[in-house]
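Order of the sequence lines sets the chain letters (A, B, ...), proteins ahead of strands, with each chain counted from 1.
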Amino acid sequence: MTTSAAPPPGTTPSAFAPATTEPELSTQWDAKTVEARWYQRWLDAGIFAPDMVAARAGKKPYVIMMPPPNVTGSLHMGHALFVTLQDLLARKHRMQGDPTLWLPGVDHAGIATQAVVERELMRHEKKTRHDLGRAAFLDKVWAWKEKNGDRIVEQLKAMGASADWSRERFTMDEQCNVAVNEAFVRLWQQGLVYRGERLVHWDPALLTSLSDEEVEHEEKDGELWRFSYLLKDDKGETTDQEIVVATTRPETMLGDVAVAVHPEDERYLSMVGRELVHPFFPRRRVVVIADAYVDRAFGTGAVKITPAHDPNDFEMGQRHSLPLINIFTIDARVNAALFAADAGGGGGEFAGLDRFEARKRVKARLEELGLTRGTQPIKHNVSVSQRSGVVIEPMLSRQFFVKTKGFADEALKITGSHGGVAETRIIPEYWQKTWDHFMNNIRDWNVSRQLWWGHRIPVFYDLSKLDEVIEADANRKGTTTEALKAQTEGLTGKKLLEIALRCVDDELVMTKLALASTENLEAKDPGRYAQEEDVLDTWFSSGLWPFSTLGWPNDTEDLRLFYPGSVLETGSDILFFWVARMVWFGKHLMGKSPFSDVFLHAIVRDAYGRKMSKGEGNALDPLDVINGTTLSDLLQKTKSYPIPEKKIERVLKGLEKEYPEGIPAAGADGLRFTLAALSSQGRDVKLSIPRAAGYRNFLNKIWNATRFALMKGGTGPVKSIDATRSSFQLADRFILSKLQRTIETVSMAIDEYRFDAVANTIYSFFWNDFCDVYIELSKTALEGSDEAARSAARTTLLHVLDSSMRLLHPLCPFLTEELWQQLPGRAERWPGIAFCAVAPWPVVDAGLIDVQAERELALLTEAATLIRNVRQEAGLSPRKPVDVDVVAVDAVVVATLLSVRDVLSRFAVIETLNIVSRAGYTAPKLSGATASGNFEVVVHLEGLIDPAKEKGRMVREIDRALRELQGLQKRFENPDFVAKAPVDVVAEGKANMLALDEKLLRLRAALKRLG
RNA sequence: UGGCUCGUAGCUCAGUGGUAGAGCACUACCUUGACACGGUAGGGGUCGCUGGUUCGAUACCAGUCGAGCCAACCA
C-alpha cells in the first residue's frame, strides 16, 4: 500500500512518515500513538472477515466463537486475557491463509443486567420494576443497553481484537430469538422439557430461581441450636416426654411437619410414629418418622423436618408423604397466610418478619416456653447466590426443567470419556476429570427465571381449555381446589390461569393446557392464548451461540461453512455454565459437537494469587495497565468499589505500598504480551505489574532495534536472502539459523496453546540473540569497508526484522504493524500485501539452519565474556581497550577465532588481539587470565591491576571449577553409571570432565604466574 | 468429605530422569551514535519435608506438611 494516505483523525502527521524517506521514529515507543493508528485501517480494509472465496473452495476454515461479554459490563482482566489469546490464535491462522472467522457478540446477561437497571431505577426514580410494569420496564432495559452496550465492544477493539464485527451478534437480537424459540420448541416436542414443582434455589433479593451452577457455597461459623418437641400420648394430650432436635435454622421450625430418627437408633425407637406438639401450631400434625438418612452421631440424632425449605427434608417428605408447608413469601419473610390457614395457634407475631429476624424471635419464644436445650458452635456451608450475594432460600415452586441425562451421556462420549475417539478435546487435559464428574452428577436444568429481561419462554396456555382442565384436576383429586373455587366465583382469563397454574397438576398442564410454539400465539389470538410469564435462563441462549450466530435454524451458507468451529477458548469458571450447554445443544440440534478443541485459560488473579474482585479492592482495570495511571487516580477509583468499611483502610494502604509510582502505561500490546507470558497451563495468571513494565521495556527494545536498522542499516534496494547467501558472515548465518528455530518453536507453541512459551521464545530470541549479539556484531560489518559484508548485514537485519514482526504480530498487533510498515523493501518483498496483519506467517527455511555457525558464534561470545570478565573484575573501564592473548586448545579453535578476529576485537574492546595455539606461548608477567575448556584468555594488565585482588578472583574461579569437576568424578567412580547410563550421557560427562581439566590446568598456571 | 492444582532464587514464574533457568529486584561499573524503558559483569537456590523406584530424582511413586480451587444432602 502507499503511505501517502492522510493520517486518520487524532494522529499527528509526523507519525506518518512514508517509509521511503528518512525514518522519524522517536527514541521511545509510545503505545498510545501507535495503537490509535491501525485498528480503523484494518477495519476499512475488511481483513477481519473470513476469506469466503477460499472457504467456498473447500479450504478448511478456522473458527472461534467469542464468549459474549455481558452487554452492560466493562472490560475486566478476564476479557483482556481472552482477547489476547483468541486474537493470537485468529491472527496466526489468518496469516497462515486459513479462512478465519472470529465471531464476536454480547450477551444480554439476564439477571445481571436486570439487577443493574432495577438498581438505577430505584436510585433515580425510587420505583420498582412492578411500578412500571413489564413493557415499560423492558423499554428501560433496552434504553440502558443501547446507551452502555457499545462500551465493552469499543474496549475489545482497543485491545486489538481482530473479530469480524460485520457478523457481530447479540443474544437477544432477532436471529438469536428465533433460534431460542426453535430450540425450546424442539426440546418440548421431544419430551425433554417438563414442568415441575420442586425445591429450587431461590434468590430472595432478585426474586428469581437460580440453577445449581449459580449457587456458591461459603463456609461460615454458625451454631447448632437445640430445642425440644414434647410428645403427645395416645389420647393426644401433651406429656412431659420430649425429643430434642438440633438445627442451624431455628426459624424453619415454623414449617416443621416431622422429626426423623434413624430406624435402628435405640434411643428413639419407642417414639417412632408418635405425634409431637408444635409449640406455635397446636393443631398441626407433627410425627416422629424413621429414616435411614439420619446420622445418629450428628447433633442429637433427631432431625426436624421442613420439607418446603430444605432439599434433604424435601426428599424425606416425599418418601414419607409429608405435607409441604411454605412458610416464606418470595422475599423470604414469614408468610402471614401461614397463621390464617393454621388458625387457632399463636405465632402470628412472626408474620412479616425477615427470616433472620424471625430466627431471633423464634429462639426467644422457645426460650420463654422453656424448650431450648443448649447450643454449640459449628462450621457449616451456606448457599449463597452468585448473583446477589444473598443467602439462598430453598423454595418450593413450579419451574420448567430440561432433562439433562441424555445430554450428559452424549457429552461424555464427545470428549472420549466412554472410550472411542474424542470429538472434542479439553485442554489442559486435567479438566477432563472435572468434566466427567460434572456430567455424571448432573441434575435436571431449571431453565425458568422469574425475570422480565430475557427470552420469554415460548409456551402458551390455551385459555379455552382452562375450565375443562380445572374441573378435570378437581375431579382427579376429589376435592375442591383453589382454582375451582376461583372459577365458581366467576374469575376467568389470565387471572384464573394464574391461580390454576399454581395448583393444577403439572401433567395436566403439560398435556392439556400448554403448548410450545415458535409463533407468538398470544399476539395472534390474545383472547385465547396467554404466554408464560417467565423467561429462560441466560445460558439457554448462550448454549446456542455456536450456531444461532451463524443463522440457525435457517440453512445458511455461514452455517454450512463455519460449523462446527475449531476452538472454544474461555475461562475455566464457565466450563459448566456455558461450554457444557453448547456441547449439549450442538450435539443434539446440529448433530456435531460445536468445536474440536476446548482451551480453558486460567483465572486472572492479583500478584498474591487472590481472585480479582472489586469487593476486595484488588481488581486491576485493564485500561489502567494499558494507559497507565497515577497512584492518586488508582486510590480514587478503588474507593468507588463496593469494599466493606473495615477493609477499605487496609486495601488503600496496600495499594500505596504496591504502586507508589502508580502503574506505567504498558499499552494494549504490552498488556497482551504480559498476559500471554504469564498464562502457563495449569496455573492461575498472577498479574504482576513490575513484570508488565518489563515487557513494556521489551517492546521498546523492539522499537529501537528497528530504529537502528532504519538508521544504520544502509540504503538502496534490499536484496533477497538467496541473492545474498554467498556473502553471509558468521553473524548472519548465526542469526538466520536462530530465527528458523524461533519460527519453529513459536509456531508449535501456538498450536499447543503454550502461550507463555510463545512470548518467552520471541523475547529471548529478539533480545538475547538479535539485539545483544547480532546487532552488536553487525555494526562492524555495517561500518566496515567490505561491501559484500555490509550488504549481507543489511539483508539480514531487514529479513530478521520482517520475520520477527510477522512472528510477533498475533501477540502485539499494533507495534508490529507500525514497524513492519516502516521496513525498507517491504513492498517489493510482499507485493500486494498492505498489512502485516495479512502477511504470510513465517515458515522455516531448513537451508538456513546452520549448526556450525551457532557453535562458532558460541565460541566467540564465550571468548568475549571471559575477556570482559577479567577486565571488569580487574576494575578497568569497559571502554579502555586492552591487549589480549587468546590461547586456544587446538587448531580448529584458532582458525575459528581468527575468522572473527575483527568482530571479537570490537565486541570485547581489544587493542591488540593475539590468537595463538598453546605451543610456545609464554604469558606476560602481570596478566589477568581465565579459561574455559576451549581456550585461555590472557589480558595484559601490566600496571593496571592489583595482583592480590586478581589472585582472589582466580582462587574463587578455581574453587568453582573444582567443585563441578568433583561432582562429575563422583559419578564416574560409580561403575554402574558407566555400565548403565546411555552412551551419549557418559560421553558428554567425559567431555565435560576433559574441559574442566583443561580449564583448571590453565587457571592454576595463571595463578602461579601471579606468584 | 471428595476431587483437582500448586509449593523451584527476595518476588513472579519456566523447566527436564544426567546435578537448575528467565524476567523483575539486588551489587559494581558504564550517560558508548538504536534503546538508561539501555549496556557489561557479578552475587544469590541442599528445587516444601520424609521415604521408595533408579547407576543417578528437582522431575517418577507413596506418604506428609502448607497454599489455593472446584464439587458436595450431615440438619
**OP:** Identify all stems in which RNA chain B takes part, counting only runs of at least 3 consecutive pairs (Watson-Crick or G-U wobble, each distance under 3.5 Å), and give each as one range with another, ordered by first number.
**Re:** B:1-7 with B:65-71, B:10-13 with B:21-24, B:26-30 with B:38-42, B:48-52 with B:60-64
**OP:** Report yes or no: does A:Asn704 contribute a side-chain atom to a donor-acceptor pair with the main-chain N or O of A:Thr27 at less than 3.5 Å?
**Re:** yes
Sequence neighbours excluded and cut-off under 3.5 Å, please list the side-chain donor-acceptor pairs for residues 288-306 of chain A, or say none.
unit_1: A:Asp291; atom_1: OD1; unit_2: A:Tyr293; atom_2: N; d: 2.9
unit_1: A:Asp291; atom_1: OD1; unit_2: A:Arg319; atom_2: NH2; d: 3.2
unit_1: A:Asp291; atom_1: OD2; unit_2: A:Arg319; atom_2: NE; d: 3.0
unit_1: A:Asp291; atom_1: OD2; unit_2: A:Arg319; atom_2: NH2; d: 3.4
unit_1: A:Asp291; atom_1: OD2; unit_2: A:His320; atom_2: NE2; d: 2.8
unit_1: A:Tyr293; atom_1: OH; unit_2: A:Asn312; atom_2: ND2; d: 3.3
unit_1: A:Asp295; atom_1: OD1; unit_2: A:Ala297; atom_2: N; d: 2.9
unit_1: A:Thr300; atom_1: OG1; unit_2: A:Val244; atom_2: O; d: 2.6
unit_1: A:Thr300; atom_1: OG1; unit_2: A:Ala302; atom_2: N; d: 3.3
unit_1: A:Thr300; atom_1: OG1; unit_2: A:Ala302; atom_2: O; d: 3.3
unit_1: A:Lys304; atom_1: NZ; unit_2: A:Thr252; atom_2: OG1; d: 2.6
unit_1: A:Lys304; atom_1: NZ; unit_2: A:Asp256; atom_2: OD1; d: 3.0
unit_1: A:Lys304; atom_1: NZ; unit_2: A:Thr306; atom_2: OG1; d: 3.1
unit_1: A:Thr306; atom_1: OG1; unit_2: A:Asp256; atom_2: OD1; d: 2.7

Looking across every strand, which nucleic acid part, if any, lies under 4.0 Å from [X] by heavy atom: base, sugar-phosphate, or nothing?
X: A:Lys970; result: nothing
X: A:Ile775; result: base
X: A:Tyr293; result: base
X: A:Pro664; result: nothing

Original post:
In whole Å, what separates the C1' atom of B:U19 from that of B:G15?
Top reply: 14 Å
Quick check for you: among [options], whose closest atom lies nearest to any side-chain atom of [X]?
X: A:Arg971; options: B:A34, B:G18, B:C74; result: B:G18
X: A:Thr247; options: B:A75, B:C35, B:G18; result: B:A75
X: A:Arg754; options: B:G15, B:C55, B:A34; result: B:G15

**OP:** In whole angstrom, give the distance that lies between atom CG of A:Leu968 and atom P of B:A20.
**Re:** 10 Å
**OP:** Assess the side chains of A:Glu957 and A:Thr930: does a donor N or O sit below 3.5 Å from an acceptor N or O?
**Re:** yes
Protein-nucleotides 37-42 of chain B N/O pairs under 3.5 Å:
unit_1: B:C37; atom_1: O4'; unit_2: A:Asn697; atom_2: OD1; d: 2.9
unit_1: B:C37; atom_1: O2'; unit_2: A:Asn700; atom_2: ND2; d: 2.9
unit_1: B:C37; atom_1: O2; unit_2: A:Arg696; atom_2: NE; d: 3.3
unit_1: B:C37; atom_1: O2; unit_2: A:Asn697; atom_2: OD1; d: 3.3
unit_1: B:C37; atom_1: N4; unit_2: A:Gln28; atom_2: OE1; d: 2.3
unit_1: B:G38; atom_1: OP1; unit_2: A:Asn697; atom_2: ND2; d: 3.2
unit_1: B:G38; atom_1: O3'; unit_2: A:Lys701; atom_2: NZ; d: 2.9
unit_1: B:G39; atom_1: OP1; unit_2: A:Lys701; atom_2: NZ; d: 3.0
unit_1: B:G39; atom_1: OP1; unit_2: A:Trp767; atom_2: NE1; d: 2.5
unit_1: B:U40; atom_1: O3'; unit_2: A:Arg868; atom_2: NH1; d: 3.4
unit_1: B:U40; atom_1: O2'; unit_2: A:Gln872; atom_2: NE2; d: 2.8
unit_1: B:U40; atom_1: O2; unit_2: A:Gln872; atom_2: OE1; d: 3.3
unit_1: B:U40; atom_1: O2; unit_2: A:Gln872; atom_2: NE2; d: 2.9
unit_1: B:A41; atom_1: OP1; unit_2: A:Arg868; atom_2: NH1; d: 3.3
unit_1: B:G42; atom_1: OP1; unit_2: A:Asn869; atom_2: ND2; d: 3.2

